[in-house]
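Residue numbers start at 1 and run along the sequence shown.
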Amino acid sequence: MRSVVSYALIAIVGGFVGASASQSGEIYHRVIDHFSAKPRDPAGFWSTPAIAGYGKIHYESDAAFKPEPGLSNKIVFQITKSEGAMKDPNLGLERVARVVNLYIASGIPADQLNFVVSVTGDATPAMLDNAHFQQIYGFDNPNLKLIQALNKVGVKVSVCDQSVAFHHYPAAWIDKSVVHALSSPTTVSTLQNQGYAWLQM
């Protein structure tokens, strides 16, 4: 009789423990799912006012240190890295687009932006024309639409010809939307001497 009671108690306790463990596992997975889920932003939270589809921004009208009309608005952006997947636009170019969007959202007219992009080092392949980029990587150059969009608002995108030479690219392989510069260091130093701010992207 005692053994029957013991077995019954073991079964009851085992069932309780099993149910608790099962419920704990379910709660655990709910918590993990909650924290691993991407946050959802409300409609209109992000925008791309000048460079459509690139460099998304969240604009706050009362934020401090906003760009001001009447200032020189001279910036030289230097991009030296190949960041992100090769099938996506270079993240440095995306950051340039973000700055453009922030300036335009702050009320600076596009014709008052004096922005130059200087591309060198590992970022150089992003400047290839589509035919040669495709020849090397097997797919279209994802940077060209962004470069053209930057050009449309007056942003000059340049490539370091020293880096082009180090990559053993003929000069003609560089896309026509890109300006050939003697080098990236001389581009940055020359523009800084002309009053441009330097931003490493």
Side-chain angles (χ1 to χ4, degrees), residues 46-57 67 72-105 108 110-201:
W46 298 105
S47 65
T48 54
I51 311 295
Y54 299 100
K56 66 181 183 179
I57 64 168
S72 71
N73 299 315
K74 292 179 175 180
I75 303 176
V76 55
F77 304 90
Q78 191 174 44
I79 301 174
T80 61
K81 297 176 185 176
S82 177
E83 291 187 90
M86 286 303 287
K87 288 191 175 183
D88 296 325
N90 182 289
L91 290 178
L93 285 174
E94 281 274 3
R95 292 184 194 110
V96 172
R98 181 169 297 116
V99 174
V100 173
N101 284 326
L102 287 165
Y103 268 74
I104 297 295
I108 310 299
D111 63 3
Q112 289 184 24
L113 299 182
N114 296 296
F115 288 178
V116 176
V117 181
S118 179
V119 176
T120 189
D122 292 341
T124 305
M127 303 294 103
L128 288 168
D129 64 27
N130 201 56
H132 293 98
F133 189 95
Q134 199 172 52
Q135 179 182 316
I136 295 169
Y137 296 101
F139 49 87
D140 290 339
N141 186 342
N143 300 283
L144 297 182
K145 284 183 182 176
L146 176 48
I147 293 169
Q148 287 157 12
L150 289 167
N151 285 173
K152 277 185 184 176
V153 294
V155 178
K156 292 182 181 125
V157 179
S158 70
V159 67
C160 169
D161 269 353
Q162 305 310 303
S163 191
V164 171
F166 281 124
H167 279 79
H168 301 287
Y169 298 151
W173 285 20
I174 300 302
D175 194 74
K176 301 297 182 193
S177 61
V178 177
V179 177
H180 286 266
L182 177 63
S183 75
S184 185
T186 56
T187 298
V188 170
S189 60
T190 299
L191 291 176
Q192 281 189 305
N193 285 330
Q194 294 174 14
Y196 281 68
W198 170 59
L199 292 181
Q200 178 78 52
M201 304 308 279

Heavy-atom side-chain contact between [X] and [Y] under 4.5 Å:
X: I57; Y: P49; result: yes
X: L191; Y: K74; result: no
X: Q134; Y: D140; result: yes
X: I79; Y: R95; result: no

Gap separating the [atom1] atom of [X] from the [atom2] atom of [Y], nearest 0.5 angstrom:
X: I147; Y: S177; atom1: CD1; atom2: OG; value: 5.0 Å
X: L128; Y: D175; atom1: CG; atom2: CG; value: 9.0 Å
X: F77; Y: L93; atom1: CZ; atom2: CG; value: 10.5 Å
X: S47; Y: I104; atom1: OG; atom2: CD1; value: 12.0 Å
X: Y169; Y: H132; atom1: OH; atom2: NE2; value: 11.0 Å

Mark yes or no for whether N130, through its side chain, and N141, through its backbone, hold a donor-acceptor pair below 3.5 Å. yes

Note to self: When you measure from the side chain of Q200 to the backbone of Q78, do you find a donor-acceptor pair of N or O atoms at a distance under 3.5 Å?
What the structure shows: yes

Is the ring pair Y103/F115 parallel, tilted or perpendicular, if the boundaries are 30 and 60 degrees?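 Rings of Y103 and F115: perpendicular, over 60°.
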
Exercise. Any chance NZ of K145 has more than 12 other-residue heavy atoms, nucleotides or ligands included, within less than 6.0 Å?
Worked result: no

Smallest heavy-atom separation, I51 atom then A149 atom, equals CD1-O, 3.7 Å

Short side-chain donor-acceptor distance under 3.5 Å, E83 and N90 = no

